[in-house]
Amino acid sequence: MMDTTEYIALFLEEAAEQINILEQDILLLEQSPSEDVLHEIFRAAHTLKGSSRAMGFTAMGELTHAMEDVFDALRKGEIGVSTEMVNRLFDALDTLKAMRDQIAEGGTSNIACDDLVRSLRDILNDAAPVHDDAATAAAPQKASQTAMVLQEHQREAALTAIDNGLSVYRLTVRLAEDTLMKSVRALMVLQTIDANKGTVIASQPDEDALDNEQFDLSFELLVATDKAVEELRQILLQISEIREVEVSPWQKSAEPVPTQTAASIAAPVIPAGQSPEEAKHTQPAAPPIASGDGEKGSGRAPVASQTVRVDVARLDTLLNLVGELVIDRTRVAQLGREFEARFQHDELVDSLLEAAGHIGRITDELQEHIMKARMLPIEHVFNRFPRMIRDLAQKFGKEVKLIMEGQETELDRSVIEIISDPLIHMLRNSVDHGIEPPDVRETLGKPRQGTIRLSARHEENYILIEIEDDGKGMDPAHLREVAIRKGVLTREAAERLSDKEALSLIFAPGFSTAKEVTEVSGRGVGMDIVRSNIQRVGGLVDLESVPGKGTRFSIRLPLTLAIIRALLVRVAGQVYAIPLSSVLETLKIQPEMVQFVGRRPAIVLRGRTLPLVSLQAHFYGKDSASSFCRGREPMFVVVVGLGERQLGLVVNHLIGEQEIVIKSLSRYLGEISGVSGATILGDGRVALILEVADLFDHASACAA
Amino acid sequence: MSTATMTSTAERQVVAFRLGNETYAIDISYIHEIIRMKEITFVPRAPHYMRGVINLRGRIVPVMDLSARLGLSAQEETAQSRIIVVEVNGESIGMIVDAVSEVLRLPEEQIEPPAQMAGTESADYISGLGKINDRLVLLLDVEKVVENMQI
């Protein structure tokens, strides 16, 4: 009996991967069941079945076996895809996930799946055979022992691979004569090909027979890969008990062809012996990790790259340490300047400054690399959305297509954790309230299927995430009415709002436009929470909407939460940090330039009225107007922007720019309007970090 | 509860400190450290009894004026003033007290329920009355002092 404990971690990881593939492919199955998808999905179920059985998780093996049978029947065209089938497959998938999680926690799983297995088997029993002669014709012919006969879909897969610039090889693998577990070796060969981005298009005998050791000492494979012949051969020869691997390029004309039509498809055959460089050259640019249109690259197999797994807590500790280092670097630089001022060009001072400069550069680099190590593709959040949208659409009787772009965009894992819930909420809203029911859409002249586009991309030091739907949009007039009815605003205030400001009302606390609270949208999380979550990490959320056409939310997030550049200013003797990302410019103005619109102070800047907020008034409760009236001293104004809006913050002094490490304020302090966190300065004192968005709210509230 | 309460003679270890003319005490298991007064960064718009935040070896820790929190009259800051940093539910918070006197062992049988305190402002935050050599020690319920602080 093999001791399996050390393999469990590996198994769990692989299982998670296969479950992920299954989830994505079941979705694709429902949308556009292409040959590639059918092939891949079958392989995923098959792999999972094999590994769970090998590890002794029989229930899991049973369930994946039942799934595999369904995929097999689909692949062979014996049954068609139905919503009911997809639902059952998803149920099975959820159970697989639960089993995996249980194994991850306790090493075993006791989840029963008999009913599920039965319901999957019923699909096969209930399904009337598809009356399609073509499908029947393509059904598998029992391959003879002598030559590998390709089925139509396998042949097409081979041709497609060649079209995509891959090479297709016939491999004959011979095992050593005393090989004990032939099926294990065969499986290792398949997995090695997989791990090297190769795709097994066909095998002789078929994979089930390989699994059950129904072969002599050799088997044949048809493999698509970007590797050269010798490279592939050497990789496979490294597996023990493999005696010989013969590789020859696949010639489409040399294959017995089951149907005549396929033979007329011309495809260039990559000559054997092509160098890897050349092969790479002819290969088209790597397909995007997953594009929204249902096309699947065949090479999604995990790449064995030079990586190590690191505990997140360890990365967090590293980042904290670097944060401390950044603070101390600033402190050392400051001390250096003080020494310089006191001792002029003393030799020791020069050495100190030099060392300080070096430490500074090293710290910068260290910080940059650790930041990078913490980056994750946003895929980690996006992955679960296709399934979620599908389930929601079904629940609400909508038809929705989700298009995702830019999943490979990387951002700090702390930002990833925080962005997940707001995105879920906004997507739910889009399905629930944005997209109209199919019949309604039809009468409006729109396609029955609504589209939600979710995209992520980098823009300067930000990541921009957009959620766009082609649903019914929002009407500013309607939002004003709702706001008045709910007591969020007075009628006068509401009427003064521009259309854009009226749209922003959905972010106001206590505002929800849902006519009825549905199970999904009414989870007690409003758009106000969404916005405050995003703002808490220094992000911005904005929306545009055209009634009848749709709505677009834009979320702007910092790449990282930990360290930012800030402008330090002094207000009432205390230092405050303003994130440089919101600072547009700084001004020095004379008191007489301040004008009053009602009781609101403002200046005219390049022809535009710039409202002013005195931070001293905001934070220390002084009357705003009076703080502008006294004194002849010039004033310093920091112009900050939020979307298209601008605001001038009046401060006592400008200190300068500095990199700061963001620390959260204790929850014991509650939510402080205008403050998002704190940082420790070079001299050890604490400075508060301004929350610019709050100040804009405050300014509009004053106007109302 | 601290292991001290588990012993057969059942006693509680507390840190006694002074607020105005009264002696208060906090169960020692809550106490993280006791530091001298240091520069406190004022946090605007926080509850009135919050003095601000301090830098405690790289951590930002909020500091409250315990007298103000308990509704007692404000006290002048002196050389004896201290910040007691307690940890409640994994979060640290500092409390300014007028002076820290000693660590006491209070036998359970000498602790009375705070019934007779009813009516005074700070009564809500007192979990019991201890007696030591005719001295009265008010046992502070730290969790109550800290909970529901947000506005």
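Numbered from 1 within each chain, the chains take letters A, B, ... in sequence-line order.
- Heavy-atom distances place the side chain of B:E39, and not its backbone, under 4.5 Å from chain A.
- Residue B:V61 does not touch chain A at all, counting heavy-atom pairs closer than 4.5 Å.
- Distance check: B:N89 CG to A:Y668 OH gives 5.5 Å after rounding to the nearest 0.5 Å.
- Within 6.0 Å of the NZ atom in B:K38, the count of heavy atoms belonging to other residues, nucleotides or ligands exceeds 12.
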Going through the checks in order, is the side chain to side chain contact (heavy atoms under 4.5 Å, CB included) test met by A:R685 and B:N55? CA-CA 7 Å; A:R685 283 190 300 170; B:N55 166 14; over 6 Å; no
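- Residues B:F42 and A:F619 place their aromatic rings such that the two centres sit no closer than 6.0 Å.
- Minimum interatomic distance between A:I680 and B:R59 (heavy atoms only, all atoms of both residues): CD1-N, 4.3 Å.
- We find the CG-CD1 distance between A:L665 and B:I60 to be 7.0 Å, quoted to the nearest 0.5 Å.
- Contact record, B:M50 with A:L669: CE-CD2, 3.6 Å, taken as the closest heavy-atom pair.
- Here the side chains of A:V686 and B:I54 are not in contact, with every heavy-atom distance at 4.5 Å or above.
- The backbone N or O of B:P62 sits nowhere less than 3.5 Å from a side-chain atom of A:S666 that would complete a donor-acceptor pair.
- Here B:T41 is the residue among B:V43, B:T41, B:V53, B:V88 with the most heavy-atom pairs under 4.5 Å with chain A.
- With B:R45 contributing its side chain and A:H618 its backbone, the two residues share a donor-acceptor pair below 3.5 Å.
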